[in-house]
Amino acid sequence: SRDQTMTRLFAAVLAASICQPALAETSDEQLNMEADEAFERLAPVGMAVAVVRPDQPVWVKGYGSLAAGGKATVDGDTVFPIHSMTKSFT
């Protein structure tokens, strides 16, 4: 359902943001492996992961598609709508 998809997407984004400090000193190969594993484990339709050092992204990658069954893929510039997801953490 749409709610499950949004929940999975939010979980993927949250997981990536929480892991960011630990991943900041990690190799590209390790980042790819960690993000691939998160994508497989969380099973979102799509997700984007970024490692950001002071004011500048140093590693960005997209996974999956923008919509279930869609052909448009996620990349590092994809903007995800948050909708009402803030209700779960405010």
Side-chain angles (χ1 to χ4, degrees):
S1 78
R2 181 170 169 78
D3 288 341
Q4 289 175 328
T5 300
M6 291 305 295
T7 300
R8 285 182 179 162
L9 173 62
F10 177 72
V13 171
L14 181 61
S17 66
I18 291 169
C19 294
Q20 182 269 333
L23 296 175
E25 299 300 324
T26 307
S27 70
D28 285 357
E29 183 177 327
Q30 182 67 27
L31 291 169
N32 280 317
M33 187 174 72
E34 295 281 343
D36 288 343
E37 288 175 7
F39 185 72
E40 291 296 319
R41 185 175 58 253
L42 296 169
V45 172
M47 74 178 200
V49 181
V51 174
V52 181
R53 292 204 179 124
D55 301 324
Q56 183 176 349
V58 294
W59 187 85
V60 180
K61 187 171 180 184
Y63 295 84
S65 59
L66 294 175
K71 294 183 182 193
T73 58
V74 174
D75 64 22
D77 293 320
T78 301
V79 176
F80 292 98
I82 195 164
H83 299 291
S84 296
M85 295 302 293
T86 57
K87 291 176 186 174
S88 64
F89 59 87
T90 58

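These numbers come from the heavy atoms of this one structure, side chains and all, not from hydrogens, waters or symmetry mates.
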Distance from E40 atom CD to E37 atom CD, nearest 0.5 Å?
9.5 Å
Can you measure from CG (L31) to CG (D28) and round to the nearest 0.5 angstrom?
6.0 Å
Side-chain polar contacts of residues 57-74 - donor-acceptor pairs under 3.5 angstrom, sequence neighbours left out - could you list them?
residue : atom : partner : partner atom : Å
K61     : NZ   : N32     : OD1          : 3.1
Y63     : OH   : D36     : OD1          : 3.3
S65     : OG   : A67     : O            : 2.9

